[in-house]
Protein chains: 2
Amino acid sequence: MAKPVNQHKRSNSVTRIQRKNINLILDAALETFSSHGYNGTTLDEISIKSGLSKPNILYYFKSKKDIHVTLLNNLLDNWLKPLKELNSDGDPVSEITNYVQKKLDMAHEFPRESRLFAMEILQGANHMKNFIESDLKILVEQKSNVINDWVVQGLIAKVDPLHLIFSIWATTQHYSDFEEQIKLISGRQSFNPDHRASKHLKEMYTRLLRL
Amino acid sequence: MAKPVNQHKRSNSVTRIQRKNINLILDAALETFSSHGYNGTTLDEISIKSGLSKPNILYYFKSKKDIHVTLLNNLLDNWLKPLKELNSDGDPVSEITNYVQKKLDMAHEFPRESRLFAMEILQGANHMKNFIESDLKILVEQKSNVINDWVVQGLIAKVDPLHLIFSIWATTQHYSDFEEQIKLISGRQSFNPDHRASKHLKEMYTRLLRL
DNA sequence: TACTGATTTTACCAATTGGTCAAAGAAAAT
DNA sequence: ATTTTCTTTGACCAATTGGTAAAATCAGTA
């Protein structure tokens with residue numbers, strides 16, 4: 001005769017067991033959502049991977065979608081962080097190449113999250129429209145202005161800030177999102193893709209921005 | 001007492017009706033596979049979109065997977081074409097910026113195919129490992145050599161050919177694969193993304209390659 | 001130790017989904 | 001016109017899947 005636990009974290013206390021199991025579930029879910037997509041993931045799979053029974057999972061999350069949305073929400077802060085750190089007072093070129101490096105590090109450190117994000121956008125961004133249209137859009141506009149000021153002040157070459165940002169996103173995410181293709185083509189052992197990618201991208205954006 | 005039609009195109013003749021219906025099915029399937037993924041697509045959806053009943057669809061294709069594989073296979077030739085056309089005798093910088101332009105045109109002209117491809121790679125490239133490891137890999141190696149020769153001959157700046165190719169793929173595909181995000185951020189009407197993307201990318205790769 | 005609330009399990013369901021089958025209906029060929 | 005071959009449909013099914021209900025078990029605490 002249990003009353004379901006607070007499924008929306010309204011409660012004040014989160015027990016040790018809750019924290020542990022919620023983490024188990026989210027980790028298992030991230031693993032499968034990011035490699036088979038939302039529809040390709042079953043609760044049974046999450047159940048097996050997390051070691052918790054299916055009804056037990058639904059004791060912590062009210063639905064499959066709820067798990068997915070939670071995962072997506074957990075991403076957002078980390079997603080904004082590197083761009084947030086772009087500093088208008090710093091040296092323009094190194095501010096931007098540092099941004100590239102941070103994005104590349106994130107793609108390398110959180111490939112599952114990166115794929116989850118990519119998959120969500122690819123499929124229409126249904127659960128993230130709100131985030132993109134508000135937080136992300138505002139931040140991008142703000143930083144576009146910073147970049148544009150640099151252009152106007154003659155500190156970097158004339159670039160379209162928006163397209164600069166888009167191409168940074170594209171190039172840095174590519175390495176985690178298209179990992180499979182890259183591994184197959186470059187022959188897994190022959191080199192360390194990340195290291196050379198970093199050099200390549202730094203070079204590319206430096207050359208693009210230098211006067 | 002019908003005997004199922006040649007489901008593997010072994011037969012010599014393809015009737016007018018067959019051609020029409022196969023196209024209807026493939027078009028409907030491409031639409032849904034590319035926007036909801038393989039698992040997010042149901043035969044019923046394809047059935048509705050194509051106007052053919054579900055058993056009728058399975059009269060032309062022996063399974064859902066068969067439709068998907070057919071779609072993927074139809075992509076491959078077009079996928080290789082732009083890179084194939086990279087000519088070792090041409091002017092290096094314009095050969096490469098032309099390649100960029102062709103890839104961008106393809107992403108623009110075939111966004112559904114582009115997303116289908118992206119989704120397949122993201123989810124582990126199960127149906128395309130063979131293509132990637134053989135045809136694509138060989139072509140990439142060949143063209144990497146061409147680019148490397150240009151570097152050695154001092155015709156372009158020193159770049160890692162593989163990473164150059166990867167970043168071209170990344171930047172050009174980004175515009176169709178992440179279309180939703182781009183639309184939401186750039187505010188659909190404010191500019192024509194494709195036109196400016198083309199300028200931006202041409203500029204970027206020219207600056208990267210120029211001595 | 002006994003109580004109380006939190007956690008987990010067992011048994012189950014209704015809906016969806018990929019796929020089958022045999023018969024009915026068109027087209028083409030004779 | 002009739003036979004033969006190709007095409008389409010209606011009825012159906014077994015497996016999967018997200019989710020529920022209630023009982024059973026466990027943990028913490030008075």
Side-chain angles (χ1 to χ4, degrees), chain A residues 1-26 28-29 31-33 35-71 126-127, chain B residues 1-26 28-29 31-33 35-71 126-127:
Chain A
M1 246 165 243
K3 208 183 282 178
V5 93
N6 47 296
Q7 298 195 321
H8 287 283
K9 288 151 200 156
R10 278 194 223 92
S11 157
N12 29 21
S13 68
V14 177
T15 71
R16 177 176 44 85
I17 293 177
Q18 277 169 32
R19 212 189 316 275
K20 187 195 69 175
N21 286 347
I22 286 175
N23 283 340
L24 281 176
I25 294 167
L26 289 178
E31 190 69 28
T32 67
F33 279 136
S35 53
H36 312 309
Y38 179 79
N39 289 292
T41 295
T42 68
L43 285 178
D44 289 297
E45 214 179 328
I46 298 177
S47 162
I48 290 169
K49 242 173 213 146
S50 67
L52 302 177
S53 71
K54 188 163 63 172
N56 202 11
I57 288 174
L58 291 166
Y59 171 73
Y60 290 103
F61 293 90
K62 73 169 192 291
S63 65
K64 180 185 168 184
K65 185 173 280 184
D66 189 27
I67 303 177
H68 192 239
V69 169
T70 301
L71 240 21
N126 296 313
H127 294 126
Chain B
M1 244 168 242
K3 209 182 280 176
V5 91
N6 47 295
Q7 297 194 322
H8 286 283
K9 288 149 200 158
R10 279 195 221 92
S11 158
N12 29 19
S13 68
V14 177
T15 71
R16 176 177 42 87
I17 294 177
Q18 278 171 29
R19 212 190 317 273
K20 186 195 68 177
N21 286 347
I22 286 176
N23 283 340
L24 281 176
I25 294 168
L26 289 178
E31 191 70 28
T32 67
F33 279 136
S35 53
H36 312 310
Y38 180 79
N39 289 291
T41 294
T42 68
L43 285 178
D44 290 297
E45 215 178 328
I46 298 177
S47 161
I48 291 169
K49 240 172 215 148
S50 66
L52 301 177
S53 72
K54 191 164 61 173
N56 203 10
I57 287 173
L58 291 166
Y59 170 73
Y60 290 103
F61 292 90
K62 73 170 192 289
S63 67
K64 180 184 169 186
K65 185 173 279 184
D66 188 27
I67 303 177
H68 193 239
V69 169
T70 301
L71 239 21
N126 296 313
H127 296 126

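In what follows, every chain begins at residue 1, and chains take the letters A, B, ... in the order their sequences are listed. Just so you know, these numbers use all the heavy atoms, side chains as well, and skip hydrogens, waters and symmetry mates.
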For the pair made of CG in A/Asn56 and C1' in D/dA21, what is the distance, rounded to whole Å?
15 Å
Atom-pair distance (CZ on A/Phe33; C1' on D/dG18), nearest Å
12 Å
How close do B/Ile46 and B/Ala28 get, heavy atom to heavy atom, and via which atoms?
O-CB, 3.9 Å
Whole-Å distance between C/dT17 P and B/Glu45 CD?
9 Å
note: A/Leu58, atom CG; D/dG18, atom P; distance rounded to Å ~ 9 Å
Measure the shortest side-chain to side-chain distance between B/Ile67 and B/Ile57 over non-hydrogen atoms and say whether it is less than 4.5 angstrom.
yes
Considering just the side-chain nitrogens and oxygens of A/Arg16, establish if one lies under 4.0 Å of OP1 or OP2 belonging to D/dC26.
no
CD1 of A/Ile17 versus P of C/dT9: gap in Å, rounded?
12 Å
B/Thr15 or B/Pro55: which one's nearest nucleotide on DNA chain D is closer to the 5' end?
B/Thr15
Looking at every heavy atom in both A/Val14 and A/Arg19, which two are closest together, and how far apart are they?
O-NH2, 3.6 Å
Rounded to the Å, how far apart are B/Leu43 CG and D/dT16 C1'?
15 Å
Shortest non-hydrogen contact from A/Tyr38 toward A/Lys64:
O-NZ, 3.0 Å
Trace of the side-chain contact (heavy atoms from CB on, under 4.5 Å) decision for B/Glu31 with B/Glu45
CA-CA 10 Å; B/Glu31 191 70 28; B/Glu45 215 178 328; over 6 Å; no
Assign A/Ser47 to base, sugar-phosphate, or nothing according to its heavy-atom contacts below 4.0 angstrom with the strands shown.
nothing
What is the distance, rounded to the nearest whole Å, between atom CD1 of A/Ile22 and atom P of C/dT8?
11 Å
Report the distance from atom CG of A/Asn21 to atom P of C/dT7, rounded to the nearest whole Å.
8 Å
Considering only D/dC6, D/dT17, C/dT7, which nucleotide approaches the side chain of B/Gln18 most closely?
D/dC6
When only distance counts, do a donor and an acceptor, one from the side chain of A/Lys64 and one from the base of D/dG19, lie under 3.5 Å apart?
no
Taking only side-chain N and O atoms of A/Tyr59, does any of them lie within less than 4.0 angstrom of OP1 or OP2 on D/dG19?
no
If only side-chain N and O atoms of A/Ser53 are considered, is one of them under 4.0 Å from the OP1 or OP2 phosphate oxygen of C/dT9?
yes
